[in-house]
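Note that these values count all heavy atoms, side chains included, but never hydrogens, waters or copies made by symmetry.
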Amino acid sequence: MLRRALPARPEARRILIGTLLSAIGRGLTLPFLFIYLTDVRGLTDNRAGLVIGWFGAVTLALSPLGGTLIDRFGARRVVLPCLAVEAIGTGSLALVDSTAMAFGVMTLIAVGSSAIWSGQNTILASLTGDGERQRVFGLNFALLNLGIGVGGLIAGAVVDVARPVTFQAIYLLDALSYLMPALILLTLPHVGHRLAEARSATATRAAGGYLTVLRDRPFRRLVLFGLVLTTCGYAQIEVGFAAYSVRVVEVSPRVVAWALAGNTAMIVFAQLLVIRRLEARSRTGALAAVGAVFATAWLVLGAAGLIGPGNALLAALGVVACSAIFGFGETMLSPVMPALTNALATDELRGRYNAMSSMIFGISGVIGPVTAGPLLGAAHGRLWVAVVVGGCLVASVLALSLRRLLTPAQDGRPAPAADRAAELAPAAG
């Protein structure tokens, strides 16, 4: 299955290696930023929260510009400097000693990260055909989670709040990890250039920008689906899931850590099998199934809340099961969403399409945490469960409504026999 999921072009395989190496570095630091800023560097909880929120806001604000620059100059000219800026910013975290410096460093990191994801997706899309693109994006997601898991295990065995140098070490290693995909891209001089040929000024204006992307009705529906799904799904993991598990289910933070490890294990071990099962199947059907799987995960967590401290073991298993089920849904979403985005995109606007797709997670990342608090405080968390379950099911309905707006090729389905016959008729004549 791994051999089948690998892209045909060796350049794409090397890009995937860069994803894995940088993900290991990301895993070293991902769970520890809040703890580092508060327990090691002495920022208050409120100030650390503002610093992290500022990072998300700046990244979101700059993402559209990143997409525009990718389309105008090519992903290579955008991703390489962004990786360098990200490396400098991440390494600088090791030196943070004040709130002002934390804001400055996180601003630098946000500038770097604003275009990396959309740029790398654009590069992968340019190196793969539509028939293999879905498999490759799924493999990319599996490698990302594998790297984060490995990095997290290493960091968990090393970091110590009483020894700040251990945190400084992992941030410096994380900075070095961002240079790995940059070095790989530098060895591929013909990769990542502008996809569309130079055009006249009139043709360029006709191609439009984000207004043209937003006029794409199928893509608008896909964005709406993504906003609803991620707001009631991904955006709830850091706040809603963790808070409900600790305060309502009454499990320890260690159980939450086990649950997140179970999520990563599910993705790493199930991704290749899911990629194979998704071949030649409706992408909108798969997206609808993701909504149903996410809803099931939240229902399991809700059931664990009803069990509560009455059966600590069963409640803990419910929390872990929720996270694992959620991970299974991610294995379907990760290959399909970027593949469908790039099936709808044109070469002239591919950077903007990928930037808008990545912005979905940024927007929901703001909405989700803000709404989770009040919902968790009502009806002992039951209102939060009802809202996120209902939202995931609404997303499923939106995914099914998207199918009629797509061609069979865009939806990943085999063309009807009549259409294939019509295509072959001129050649036969």
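Here Phe219 contributes atom CZ and Leu402 contributes atom CG; the two are 11.0 Å apart, rounded to the nearest 0.5 Å. Rounded to the nearest 0.5 angstrom, Leu16 CG and Leu124 CG are separated by 5.5 Å. Atoms CG and CD1, on Leu143 and Ile17 in that order, are 9.0 Å from each other to the nearest 0.5 Å. With rounding to the nearest 0.5 Å, the separation of CG in Asn145 from CD1 in Ile267 is 4.0 Å. Of the inter-residue distances, the one linking Met359 atom CE with Leu227 atom CG reads 9.0 Å to the nearest 0.5 angstrom. In this structure, CD1 on Ile237 lies 7.0 Å from CG on Leu260, to the nearest 0.5 angstrom.
Under the 3.5 Å distance criterion, with hydrogens and angles disregarded, no donor-acceptor pair is assigned to the side chains of Ser118 and Asn121. For Arg14 and Thr187, the side-chain atoms include at least one donor-acceptor pair closer than 3.5 Å. Checking Thr284 against Asp411 by side-chain atom types alone, a donor-acceptor pair falls below 3.5 Å. Judged by distance alone, the side chains of Ser364 and Thr230 do bring a donor and an acceptor atom under 3.5 Å apart. Looking at Asn342 and Arg350, their side chains do bring a donor and an acceptor atom within 3.5 Å of each other. A donor-acceptor contact closer than 3.5 angstrom is absent between the side chains of Gln410 and Arg283. In this model, a donor atom of one side chain and an acceptor atom of the other lie less than 3.5 Å apart for Thr19 and Asn140.
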Next item on the list: Given side chain to side chain contact (heavy atoms under 4.5 Å, CB included), test Arg76 with Ile123 step by step and report yes or no.
Entry: CA-CA 8 Å; Arg76 181 186 189 85; Ile123 290 173; 5.5 Å; no
Item checked: Residues Thr128, Arg9; criterion side chain to side chain contact (heavy atoms under 4.5 Å, CB included); working and verdict -> CA-CA 7 Å; Thr128 53; Arg9 293 183 61 171; over 6 Å; no
Next item on the list: For side chain to side chain contact (heavy atoms under 4.5 Å, CB included), just list the numbers for Leu301 and Ser245, CA-CA rounded to whole Å, side-chain angles, deciding distance to a tenth of an Å, and then say yes or no.
Entry: CA-CA 8 Å; Leu301 185 64; Ser245 299; 3.7 Å; yes
Checklist line | Residues Asn311, Leu313; criterion side chain to side chain contact (heavy atoms under 4.5 Å, CB included); working and verdict | finding: CA-CA 6 Å; Asn311 190 324; Leu313 177 60; 4.0 Å; yes
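Proximity of Pro335 to Phe141: side-chain heavy atoms (C-beta onward) are nowhere separated by under 4.5 Å. Contact check for Ser334 versus Gln271: side-chain heavy atoms found under the 4.5 Å cut-off. Looking at Leu287 and Leu340, their side chains come closer than 4.5 Å, going by heavy atoms from C-beta outward. Leu37 has its side chain out of reach of Thr99: every pair of non-hydrogen atoms, C-beta onward, lies at least 4.5 Å apart. Using a 4.5 Å cut-off on side-chain heavy atoms (C-beta onward), Met356 and Thr341 make no contact. Looking at heavy atoms from C-beta onward, Tyr353 lies out of side-chain contact with Thr122 at the 4.5 angstrom threshold. The shortest side-chain heavy-atom distance between Ile170 and Thr166 does not fall under the 4.5 Å cut-off. Two residues are said to be in side-chain contact when any heavy atoms from C-beta on lie closer than 4.5 Å; Pro181 and Ile184 fail this criterion.
In terms of modelled atom types and a separation under 3.5 Å, the side chain of Thr68 and the main chain of Pro64 share a donor-acceptor contact. Using modelled atom types, no side-chain atom of Ser357 and backbone atom of Asn354 make a donor-acceptor pair closer than 3.5 Å. Judged by distance alone, with hydrogens and angles left aside, the side-chain atoms of Arg26 form no donor-acceptor pair with the main-chain N or O of Ser22 at under 3.5 Å. Side-chain atoms of Ser114 come within 3.5 Å of backbone N or O of Val111 as a donor-acceptor pair. Between the Arg41 side chain and the Ala94 main chain, a donor and an acceptor come within less than 3.5 Å of each other. Although no hydrogens or angles enter the test, the distance criterion places no donor-acceptor pair under 3.5 Å between the side chain of Gln134 and the main chain of Val336. Side-chain atoms of Ser396 come within 3.5 Å of backbone N or O of Ala292 as a donor-acceptor pair.
Residue pairs meeting the ring-ring contact (aromatic ring centres under 6.0 Å, His included) criterion with at least one partner in residues 310-335, sequence neighbours excluded, are Tyr234-Phe326, Phe294-Phe326, Trp298-Phe326.
Other residues, nucleotides and ligands place no more than 12 heavy atoms under 6.0 Å from the CZ atom of Arg72. Counting heavy-atom neighbours within 6.0 Å of Arg220 CZ, excluding the residue itself, gives a total above 12.
Shortest non-hydrogen contact noted between Gly329 and Val290 is O-CG2, 3.6 Å. Contact record, Val300 with Cys322: CG1-N, 4.1 Å, taken as the closest heavy-atom pair.
Between Arg352 and Asp71 a salt bridge is recorded (basic side-chain N to carboxylate O distance below 4.0 Å).
When the ring-ring contact (aromatic ring centres under 6.0 Å, His included) test is applied to Phe55, no partner is found at least two apart in sequence or on another chain.
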